Amino acid sequence: ALFVYIAIKSRSFFALIVLFCSAAGGYLFHEVGYVDQLLWIFAAMAIGLLERNYLFLAALLLCLSVLIHEMSVFTIVPIVLAYAVVRKKLDGIAYAKLLIPPVALFLVISLFFQAVSFDTIKLYFENAMNCGSPIVRKEYFKHYLQPFRSESNVVYYSWQQFYMAILPIIVLACTLVLAIRKRLGLLRLQTLLILACCISPLSLGLFVADTSRWIFLGFAQVVIVSIIASWALRRNGFRNTFPGIPFAIALVLVGGLLQLTYFDHFSPRTLSPDNLRAFPNYVVEQLFNLPRPL
């Protein structure tokens with residue numbers, strides 16, 4: 001609903017349709033309940049506060065997003081920064097007030113509170129077993145034992161992912177940035193900042209092995225920044241707010257070729273006439289099977 005509302009406000013339907021029809025669109029709905037989507041709502045709220053010049057409250061909201069999950073430094077903070085660059089064009093002091101608090105909080109968490117001791121993890125397992133709560137993904141808890149700055153960090157992307165997803169998303173981001181640079185009058189430093197904001201979620205592949213998730217977030221990030229750019233173009237009086245034909249072609253190609261591994265061996269339904277006809281009945285069946293209060 002948030003995506004659709006923003007697309008209506010910025011007239012960015014095409015980018016949103018490509019996102020929904022690509023593998024990232026299925027991934028978007030498959031990971032409902034993940035923290036990523038809650039953080040997007042925080043980003044929208046922070047942008048709303050910036051639009052009303054509540055800089056302190058926007059910075060506070062970004063700090064809260066870091067407390068929810070430190071990955072927001074690679075996802076949400078760059079989205080708000082991209083908005084600040086293309087729409088608000090703040091001065092250096094304002095950028096510092098907006099960015100230093102969440103980044104400093106991220107560093108404190110990463111340096112001093114990231115890892116949990118083995119004894120704490122062991123105690124959690126014992127308590128969980130005693131109260132009868134099943135632990136399905138036991139291997140997940142190994143992430144709590146490894147500091148963010150651990151020397152064992154590696155690049156988790158495969159060479160195939162690099163050539164088929166990472167590199168195309170970077171090219172897509174460059175196409176977007178070049179398309180909006182002249183129209184919005186961006187300086188070289190601002191252009192580089194927007195590019196960094198587009199590809200920042202891909203950096204998460206240096207720390208955690210959920211590579212399909214980071215590729216999904218990277219592709220979605222480019223779409224989100226393109227919507228923000230379209231919004232800025234509209235507010236600046238441009239009649240044609242879409243970033244341009246080269247970006248549209250690159251968006252369709254990258255979105256069409258994007259391949260993601262879904263959780264627990266799931267995959268999207270094949271887009272076919274039979275599946276489209278069967279889908280309404282499937283939804284009704286699932287609704288009737290929901291647990292009901294006595």
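The structure presented is a predicted model; accordingly, all values stated were derived computationally and were not measured.
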Engineer: Parallel, tilted or perpendicular: which fits the ring planes of Phe3 and Phe20, with parallel below 30° and perpendicular above 60°?
Structural biologist: perpendicular
Engineer: Using a 6.0 Å cut-off, check whether atom CD1 of Ile245 has over 12 heavy atoms from anything other than its own residue.
Structural biologist: no
Engineer: If I take atom CG from residue Leu172 and atom CG from residue Leu253, how far apart are they, to the nearest 0.5 angstrom?
Structural biologist: 9.5 Å
Engineer: Between the side chain of Ser230 and the main-chain N/O of Phe242, is any donor-acceptor distance below 3.5 Å?
Structural biologist: no
Engineer: Okay, side chain of Gln259, backbone of Ala165: is any donor-acceptor separation there less than 3.5 Å?
Structural biologist: no
Engineer: Give a yes or no on whether a salt bridge exists between Arg277 and Asp274, defined as a side-chain N under 4.0 angstrom from a carboxylate O.
Structural biologist: yes
Engineer: Minimum heavy-atom separation for Tyr163 and Pro168, please, with both atom names.
Structural biologist: O-CD, 3.3 Å
Engineer: Take Leu50 and Leu98, measure what side chain to side chain contact (heavy atoms under 4.5 Å, CB included) needs, and give me the verdict at the end.
Structural biologist: CA-CA 10 Å; Leu50 269 184; Leu98 180 66; 4.0 Å; yes
Engineer: What pair of heavy atoms forms the shortest contact from Tyr262 to Ala23, and how long is it?
Structural biologist: OH-O, 2.7 Å
Engineer: Could you label the plane-to-plane angle of the Phe162 and Trp159 rings as parallel, tilted or perpendicular, counting under 30° as parallel and over 60° as perpendicular?
Structural biologist: perpendicular
Engineer: Would you say Leu257 and Ile166 are hydrophobically clustered, going by side-chain heavy atoms of ILVMFWY under 4.5 Å?
Structural biologist: no
Engineer: Check the pair Leu290 / Gln286 against side chain to side chain contact (heavy atoms under 4.5 Å, CB included), numbers first and verdict last.
Structural biologist: CA-CA 7 Å; Leu290 289 175; Gln286 294 298 311; over 6 Å; no
Engineer: Same hydrophobic cluster for Val32 and Ile68, using side-chain heavy-atom links shorter than 4.5 Å among ILVMFWY?
Structural biologist: no
Engineer: Under 4.5 Å side-chain heavy-atom separation, chaining through any Ile, Leu, Val, Met, Phe, Trp or Tyr, what else clusters with Leu178? Say none if it is isolated.
Structural biologist: none
Engineer: Look only at the side chain of Gln221 and the backbone of Cys197, and say whether a donor-acceptor pair between them is shorter than 3.5 Å.
Structural biologist: yes
Engineer: Would you say CZ of Phe56 has more than 12 non-hydrogen atoms from neighbouring residues, nucleotides or ligands within 6.0 angstrom?
Structural biologist: no
Engineer: Is it true that, when you exclude Gln160 itself, more than 12 heavy atoms of the residues, nucleotides or ligands shown sit nearer than 6.0 Å to its CD?
Structural biologist: no
Engineer: Run Leu206 and Phe74 through side chain to side chain contact (heavy atoms under 4.5 Å, CB included) and show every step you take.
Structural biologist: CA-CA 12 Å; Leu206 302 176; Phe74 299 92; over 6 Å; no
Engineer: Could you give the distance from CE (Met164) to OG (Ser158), rounded to the nearest 0.5 Å?
Structural biologist: 10.5 Å
Engineer: Would you find a donor on one side and an acceptor on the other, under 3.5 Å apart, between the side chain of Tyr83 and the backbone of Ala46?
Structural biologist: no
Engineer: Give a yes or no answer on whether the side chain of Ser110 reaches the backbone of Leu107 with a donor-acceptor pair at less than 3.5 Å.
Structural biologist: no
Engineer: Is it true that, when you exclude Arg11 itself, more than 12 heavy atoms of the residues, nucleotides or ligands shown sit nearer than 6.0 Å to its CZ?
Structural biologist: no
Engineer: What residues, two or more places apart in sequence or in another chain, satisfy side chain to side chain contact (heavy atoms under 4.5 Å, CB included) together with Met71?
Structural biologist: Val35, Asp36, Leu39, His69, Thr75, Leu204, Arg213, Trp214, Leu217
Engineer: What do you reckon, is CZ of Phe113 surrounded by more than 12 foreign heavy atoms closer than 6.0 Å?
Structural biologist: no
Engineer: Is it true that Phe13 and Leu251 fall in one hydrophobic cluster, defined by side-chain heavy atoms closer than 4.5 Å?
Structural biologist: yes
Engineer: Do you know the tightest heavy-atom contact between Leu195 and Ala173?
Structural biologist: CD1-CB, 3.8 Å
Engineer: Shortest non-hydrogen contact from Leu16 to Val4?
Structural biologist: CD2-CA, 3.8 Å
Engineer: How about Tyr27 and Phe266: are their ring centroids closer than 6.0 Å?
Structural biologist: no
Engineer: Same cluster for Ile249 and Val254 if Ile/Leu/Val/Met/Phe/Trp/Tyr side chains link at under 4.5 Å?
Structural biologist: no
Engineer: Rounded to the nearest 0.5 Å, what separates atom OG in Ser65 from atom CG in Leu38?
Structural biologist: 9.5 Å
Engineer: Taking all atoms of both residues into account, what is the closest heavy-atom pair of Ala220 and Trp40, and its distance?
Structural biologist: CB-CZ2, 3.9 Å
Engineer: Taking atom CD1 as the centre, does Ile93 end up with more than 12 heavy-atom neighbours from other residues, nucleotides or ligands that are less than 6.0 angstrom away?
Structural biologist: no
Engineer: Measure the spacing between OG of Ser12 and CZ of Phe14 and express it to the nearest 0.5 Å.
Structural biologist: 11.5 Å
Engineer: Can you give me the closest heavy-atom contact between Ile169 and Phe219, atom names plus distance?
Structural biologist: CD1-N, 3.9 Å
Engineer: Tell me which pairs pass salt bridge (Lys or Arg N to Asp or Glu O under 4.0 Å) where either residue lies in residues 48-59, with sequence neighbours left out.
Structural biologist: Glu51-Arg87, Glu51-Arg235
Engineer: Are the aromatic ring centres of Phe216 and Tyr34 under 6.0 angstrom apart?
Structural biologist: no
Engineer: What verdict does the side chain to side chain contact (heavy atoms under 4.5 Å, CB included) test give for Phe42 and Ser72, after you've listed the backbone C-alpha separation in whole Å, the side-chain angles of each residue and the deciding distance to 0.1 Å?
Structural biologist: CA-CA 10 Å; Phe42 269 67; Ser72 65; over 6 Å; no
